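Remember, it's a predicted structure, so these values are computed and weren't measured experimentally. Below, read A as the first sequence line, B as the second, and so on, with proteins coming before strands; counting in each chain starts at 1.
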2 protein chains.
Amino acid sequence: MPRDTLTREQIVKTAIDLLDDEGLEGLNMRALGKRLGSAATAVYWHVGSKDNLITLAGDEVWQQIALPDLATTDWRTAATQMATDLHAMLTRHSWLVQAFGSYMIFGPGKARHDDHGLAIYEAAGFTGAQADQAAATVFTFILGNALVPAAAASFTKKLGRDGGNAEALMHESMAKAHEIAAQFPRLRARLDTAVADYATAPDNTFQFGLQAILDGLEAQLIAFGH
Amino acid sequence: MPRDTLTREQIVKTAIDLLDDEGLEGLNMRALGKRLGSAATAVYWHVGSKDNLITLAGDEVWQQIALPDLATTDWRTAATQMATDLHAMLTRHSWLVQAFGSYMIFGPGKARHDDHGLAIYEAAGFTGAQADQAAATVFTFILGNALVPAAAASFTKKLGRDGGNAEALMHESMAKAHEIAAQFPRLRARLDTAVADYATAPDNTFQFGLQAILDGLEAQLIAFGH
DNA sequence: CGTCCCACTTGAACACAGTGCAAGTCGCTG
DNA sequence: CAGCGACTTGCACTGTGTTCAAGTGGGACG
C-alpha cells in the first residue's frame, strides 16, 4: 500500500468538510476514512482518537476569524466586527457549537482569538477581572445565540439520515411546537410574525442583542468613571 | 412478571437523576433500565426512543423555574430573578445545555417559561419583535454562559468513566491549556488570577454580564422614547 | 368462578460506532 | 541489497440504540 498518503492537516481539513456537510453526529471514522480514500483505522495513527480529532478541527476553524487592528479601530467597532465574524463562523460550522458542550476545545486558535478579545475590552478601559468579564459576556452571548440554530441544523440532518420523508417529519414537529405555543397568550400572539421576522432577517436578533450588550458595557465604563 | 411497574413520569424522573449523576453521555438505556429495576427495553414502550426521552426530561426541568409575579415586581427585578433561576437550573442540570445543541427541546415547560419571559420585556416597554429580541438576548446569554461549565463537567465525567486516574489526565489537560495560554501576553497576565477569581465566585461573570445586558436594554428603551 | 384479552415486560438479536491489535507494505538508510 | 521503521489495513471486540417475537399476569366479561 502507498505510504504517506495521509497527513494530519489533510485529515483535519476533510473532517471539517464532513462536519459541515453532515453535522457532529454525521461524523464517524468509517465515513471519514471513505472520504479520505483510506481505511478508517489509518486515521488513528495520525490523530489518536475521535475526541482529539474534534478538538483539532474545532480549534482549526478559530483561525479563520480576522482580528481587527486596534491601533486604527475604536474598540466598539472592533468589538462589533469580531463578534460578527465569530457569529458568522459559528453559523458556517454549526457543529462547533455542539462540540463546545461535550469537548474541551481550547488550542492556539481559540487562545489567539481570546487574547485579542481581551485586548479590545482593555482598550475600552476595562481592567483586570472586568476586562475578562466584559469579553466573556459578549463571547457567551454569541455562543448561546448560535446554539438554537445549531440544534435546528442538527435536527434537520438527523431527519435526513434516518431516511424516509424528512419533510413530513419536520412538518409534524413544527406543527406540534406550534400547537404548544398556541396555548400561551403572548407566544400565540407572536407566532406568525416571529417566524416571518426570522425568515427575512435571521441576524436581526443577534445584532439587536450585541448592540444592547455593548451599550450596557459602555454604561458600566461610565459608571466606573471613565 | 409484574405488570404496571413503570410509568412515564417515573422513567423521566429517573432519567433526570441519572443525567444529573452521569451526564448526557452517561445516559444509556441499559443503565437506565438497571436503575429502574427493569429490562432496558421496557422503557421503549413508554417513551418511544432515547431522543424522545431526552426531550421529555429536558422539558420537565423547565417546570422547576419559578415565575415572578409581574404585578408586584418591577421588570428589572423580575428579569434578574428569572435569569438567575434559569442560570441555577442549568448549572444543576448541566446536561440540558448540551442536549440543547442536539435535540429540539420545546414543550409546555419551556413554552411556559418563554411566555413569562416575554411578559417581562413587554412590561418593560418593549413591543412586538423588540420584546422577542430582548428576551432572546437575555436567554441566549444565559445559555451560552452555561455552556462552558457544562463542557467542563462533561469532560470530568468522561475521564471518570474511562476508569484509570482521572486526576492525572485532568492535570495534564490543564497543564497543556496553561502552556498554550502562556504564549499570549494578555492571557498569560490573567492566568492565575482568572482561575482564582472563578474559584472564589464563579457567578461573578454571570451577574456582571446580566446586569450589563439589562443596562443595555434600558438604554434601548430610553433611546426609543419611553 | 373461569377464561380470554391486551397492556405491559422480557431476552435475544441486529446494526453500527469507536478502537486495539497483529500483520503487513513500502520507502529510505546503511 | 537488506533491514528498519513509519505508516496502512482488516479483523474483531465492546458498548449502545433499537426491533421483535414471545411471553405474562391483572382485570373485564360471561
Listed by chain and number, what are the salt bridge (charged side-chain N to carboxylate O under 4.0 Å, His left out) partners of A:D203, not counting sequence neighbours? none
After noting the C-alpha distance and the side-chain angles of B:K50 and B:I54, does the key distance pass the side chain to side chain contact (heavy atoms under 4.5 Å, CB included) rule? CA-CA 6 Å; B:K50 184 183 180 183; B:I54 289 179; 4.2 Å; yes
In terms of the angle between their ring planes, are B:F100 and B:W62 parallel, tilted or perpendicular, with boundaries placed at 30° and 60°? tilted
Identify all pairs in which a protein N or O lies below 3.5 Å from an N or O of nucleotides 10-12 of chain D, and state each distance.
| unit_1 | atom_1 | unit_2 | atom_2 | d |
| --- | --- | --- | --- | --- |
| D:dG10 | O6 | A:T41 | OG1 | 3.1 |

Any donor-acceptor pair under 3.5 Å from A:S173 side chain to A:L169 backbone: no
Go through residues 95-107 of chain B and report each residue with a non-hydrogen atom lying under 4.0 Å from DNA chain D, sorted by number. none
To the nearest Å, how far apart are B:K158 NZ and D:dG15 C1'? 15 Å
Before giving the answer on side chain to side chain contact (heavy atoms under 4.5 Å, CB included), spell out for A:Q207 and A:L210 the whole-Å C-alpha distance, their side-chain angles and the decisive distance to 0.1 Å. CA-CA 5 Å; A:Q207 284 298 336; A:L210 178 61; 4.1 Å; yes
Between A:D59 and A:K110, is there a donor-acceptor pair closer than 3.5 Å when you use the side chain of the first and the backbone of the second? yes
Check B:R35 with B:D17, please: is the shortest side-chain N to carboxylate O separation under 4.0 Å? no
Main chain of B:A196, side chain of B:T200: is a donor-acceptor contact present, judged purely on distance under 3.5 Å? yes
For A:T140, is there any backbone N or O sitting under 3.5 Å from a side-chain donor or acceptor partner on B:N145? no
For B:R112, which residues count as a salt bridge (charged side-chain N to carboxylate O under 4.0 Å, His left out) partner, sequence neighbours excluded? none
Evaluate B:M170 against B:T156 for side chain to side chain contact (heavy atoms under 4.5 Å, CB included), listing each step before the verdict. CA-CA 8 Å; B:M170 181 56 106; B:T156 308; 3.3 Å; yes
When the distance from OH of A:Y44 to C1' of D:dA6 is rounded to whole Å, what number comes out? 20 Å
DNA chain D-proximal residues of residues 46-53 of chain B, any heavy atom under 4.0 Å: B:S49, B:K50
Rounding to an integer number of Å, can you tell me how far A:I11 CD1 sits from D:dC7 P? 11 Å
Using whole Å, report how far CG of B:L6 lies from C1' of C:dT9. 8 Å
Rounded to the nearest angstrom, tell me the gap between atom CD1 in B:I54 and atom P in D:dT16. 14 Å
Taking NZ from A:K34 and C1' from C:dG18, how many angstroms apart are they, rounded to a whole number? 17 Å
Contact between B:D85 and B:M89 at the side-chain level, heavy atoms closer than 4.5 Å - yes or no? no
Among residues 14-29 of chain B, which contact DNA chain D at a heavy-atom distance under 4.0 Å? B:L27, B:N28, B:M29
A:H116 side chain to A:P68 main-chain N or O, any donor-acceptor pair under 3.5 Å? yes
Write down the distance between CZ (A:R161) and P (C:dC16), rounded to a whole number of angstrom. 13 Å
